[in-house]
Structures are given as structure tokens and as C-alpha cells.
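Single-structure report; data block below.
We use all heavy atoms of the structure for the numbers below, so side chains are in, but hydrogens, waters and symmetry mates are not. The shown structure was predicted, so the numbers you read here are calculated from the model rather than taken from an experiment.
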Amino acid sequence: MSQRWTVGEVAELTRVSVRTLHHYDAIGLLVPSERSEAGYRLYTPADLTRLQRILTFRELGFALADILKLLQADESAQRRALELQAARLRAELQATQRRLRAVTSLLQEEMPMTQEDIKQMFEQFDPCEHEAEVKERWGDTEAYRQSAERMKRFTPADRERMTSEGAELHARYVALMDAGVPADSPQAAAVAEAHRTYFHEWFYDCTPEMLRLVSQSWVHDPRFTANIDQIRPGLAAYQYAAVQAWAEAQS
């Protein structure tokens with residue numbers, strides 16, 4: 001007979017608290033396979049293997065409810081979930097690297113900057129360029145007014161959540177690209193619909209036709225294309241194709 005472990009022994013071996021193990025048992029995530037004659041929980045080697053998978057999924061950011069579903073699913077479903085999570089983590093990593101480069105650049109400025117230094121540093125940017133373009137295209141529209149009004153009310157927490165949800169959308173597209181899923185597939189259509197919801201909830205009343213028009217800038221404006229393709233080369237074109245196909249199906 002192979003070895004069995006009590007909940008206390010598992011806690012000592014794995015550094016997972018007894019309270020956490022009891023919680024996993026209560027929600028059906030990790031139920032000990034056996035009981036002693038006295039009724040104590042006994043974990044088998046298979047249980048510890050399952051615990052290792054649970055901890056791995058937790059480390060990757062999965063919620064407990066999602067982990068339970070994954071462990072009940074087949075290998076292909078688990079692989080798709082991991083591919084999506086990997087894409088999300090890559091998007092987050094790239095965003096973190098961009099922030100790190102910005103911080104490093106600031107730290108390297110050991111001497112106080114003069115007015116001329118600041119002017120030269122910002123010469124490459126035209127702060128009016130994008131605002132003028134937005135106003136020219138959308139300034140007289142209800143969408144522009146809605147977006148401007150909503151963004152004025154954003155709290156730092158709102159902006160953080162908006163950024164996180166945007167990264168999640170990109171990650172979902174990337175996962176489909178990496179899996180070779182066509183942009184006009186039902187899976188891509190589901191992400192395009194989520195993209196419309198994202199704009200609708202955060203910025204303005206977004207119809208399929210509005211999203212179709214907005215998506216044109218992703219491939220027709222080199223600045224938008226370059227920014228999106230930092231996440232994954234070809235992502236801008238894939239997102240555009242997915243939205244166009246989805247919007248066409250709504251008409």
C-alpha cells in the first residue's frame with residue numbers, strides 16, 4: 001500500500017495551510033481520497049499531484065472556480081485555457097516592460113533638468129496632434145461627447161481596471177492567433193463582441209457599425225498599428241479582420 005498523509009502532514013510538506021486544505025475540500029477542489037478508521041482525512045499520491053496542479057493554476061492567476069472547471073475538463077480544454085492565460089501574461093509582461101523602461105529612463109537622469117532639457121525631451125511629441133485628429137473626426141458626434149464626459153469622471157481605480165480589461169481583450173485575440181483560429185471564426189466573433197462591450201461600457205454607446213469604423217484606424221493609421229503590434233506582430237490586422245467579420249454578420 002502506498003503512503004498516505006494526514007492534512008497536517010500535507011500542510012507541512014507543501015506549506016499549504018490546513019485552513020486552505022480544508023477550504024479546498026469544502027468546495028470540492030481537493031477532496032482527500034481516503035479516510036482513516038478514526039475518520040481523519042488521508043491524502044494519496046494522486047491527491048498531491050492534483051494539489052500541485054491546483055497550485056500551478058493559482059500561480060498563473062486562475063480563480064479557484066475556474067481551476068475546478070479546468071480539472072474537470074479534458075486536456076484540450078486545459079490547453080486552450082493555458083494558451084489564453086499565457087497570452088494575457090505576455091501582454092501584461094510587455095506593459096510592465098514599457099513601464100520599467102520609463103522608470104529606468106527617469107532614474108538615469110541624475111542631474112536636474114533645465115527648461116531646455118525638458119523642451120528637447122518632448123520635441124519628438126506633438127501633444128495637439130492626436131487631440132486635433134480626434135476632434136476633427138469625432139468632435140461633433142455624441143460618441144466624442146460621451147467619451148470625454150466619462151473619462152473626466154474616471155478614478156485611478158477605473159483607469160487601472162480599464163487597462164486590465166483592454167489587456168485581457170488583446171490576450172484573447174493573441175491566443176486565437178497562436179492557435180491558428182481564423183479571424184472570421186465564431187471564437188473570434190465572440191472576442192469582437194466583447195470588444196464592442198468594452199467600448200460601450202467605458203467610452204460611448206458603441207454599435208457594431210461604430211466599432212467597424214473605429215477598427216479601421218487599427219490598420220490604416222501606422223501609429224495605432226505599431227502600438228497594437230507591440231503586443232504581437234500582426235495583432236492589429238487580426239483584430240481588424242475579426243471586428244469587420246463580426247460587424248458584417250450583425251447587419
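Closest non-hydrogen pair, F224 versus S217, comes out as CB-O, 3.3 Å. In terms of heavy-atom proximity, R4 sits nearest to E9 at O-OE1, 4.0 Å. The two residues A63 and R58 have their closest heavy-atom pair at CA-NH1, 4.0 Å. In plain terms, the two heavy atoms of L51 and V10 that are nearest each other are CD2-CG1, 4.0 Å. The shortest heavy-atom contact between A245 and A183 is CB-O, 4.4 Å. Of all heavy-atom pairs spanning P182 and A188, the tightest one is O-CB, 3.8 Å.
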Determine whether T6 and R41 satisfy the following criterion, side-chain contact (heavy atoms from CB on, under 4.5 Å), listing intermediate values before the conclusion. CA-CA 6 Å; T6 65; R41 298 173 176 85; over 6 Å; no

Kindly determine whether R196 and M210 satisfy side-chain contact (heavy atoms from CB on, under 4.5 Å), including the steps that lead there. CA-CA 9 Å; R196 186 208 67 83; M210 174 67 79; over 6 Å; no

Might you work through the side-chain contact (heavy atoms from CB on, under 4.5 Å) test for R161 and W202, ending with a clear yes or no? CA-CA 10 Å; R161 189 158 64 90; W202 283 108; 3.7 Å; yes

For Q239 and S215, what are the C-alpha separation, side-chain angles and deciding distance, and is it a side chain to side chain donor-acceptor pair (under 3.5 Å)? CA-CA 8 Å; Q239 291 186 174; S215 70; over 6 Å; no

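Separation of atoms CG (L42) and CD (E37) is listed at 10.5 Å; rounding is to 0.5 Å. L60 CG to D66 CG: the interatomic distance, rounded to the nearest 0.5 Å, is 12.5 Å. With rounding to the nearest 0.5 Å, the separation of CG in L64 from CD1 in I27 is 5.0 Å. Rounding to the nearest 0.5 angstrom, the gap separating the NE2 atom in H170 from the CD atom in E165 is 12.5 Å. Note that NE2 of H23 and OG of S17 are 10.5 Å apart. Values are rounded to the nearest 0.5 Å. If you take CG on L29 and OH on Y24, they are separated by 6.5 Å, rounding to the nearest 0.5 Å.
Using a 4.5 Å cut-off on side-chain heavy atoms (C-beta onward), V214 and F203 make no contact.
Formation of a donor-acceptor pair under 3.5 Å by the D229 side chain with backbone atoms of A236 is found in this model. Between the side chain of Y198 and the main chain of E193, no donor-acceptor pair closer than 3.5 Å is present. D47 contributes no side-chain N or O that, together with a main-chain N or O of P32, makes up a donor-acceptor pair within less than 3.5 Å. Side-chain N or O atoms of T56 include one that pairs as donor or acceptor with a backbone N or O of Q52 at under 3.5 Å.
With W246 as the fixed residue, the side-chain contact (heavy atoms from CB on, under 4.5 Å) test singles out one of D184, V191, L211: L211.
Environment of CD in Q216: crowded, with over 12 heavy atoms of neighbouring residues, nucleotides or ligands closer than 6.0 Å.
Using a 4.0 Å cut-off between a side-chain N of Lys or Arg and a carboxylate O of Asp or Glu, R172 and E168 do not qualify as a salt bridge. Looking at E83 and R79, a side-chain N of the basic residue comes within less than 4.0 Å of a carboxylate O on the acidic one, giving a salt bridge.
Checking E34 against T44 by side-chain atom types alone, no donor-acceptor pair falls below 3.5 Å. A donor atom on one side chain and an acceptor atom on the other are found under 3.5 Å apart for Q78 and R53. Donor-acceptor pairing under 3.5 Å is lacking for the side chains of E160 and S164.
In this structure, the ring pair (Phe, Tyr, Trp, His ring centres under 6.0 Å) partners of F62, at least two apart in sequence or on a different chain, are F57.
Here H195 and W218 bring their ring centres to under 6.0 angstrom of each other.
A chain of hydrophobic side-chain contacts below 4.5 Å, direct or via other Ile, Leu, Val, Met, Phe, Trp or Tyr residues, connects M177 to L169. Both V18 and Y43 are part of a single hydrophobic cluster, where members link through side-chain heavy atoms under 4.5 Å apart.
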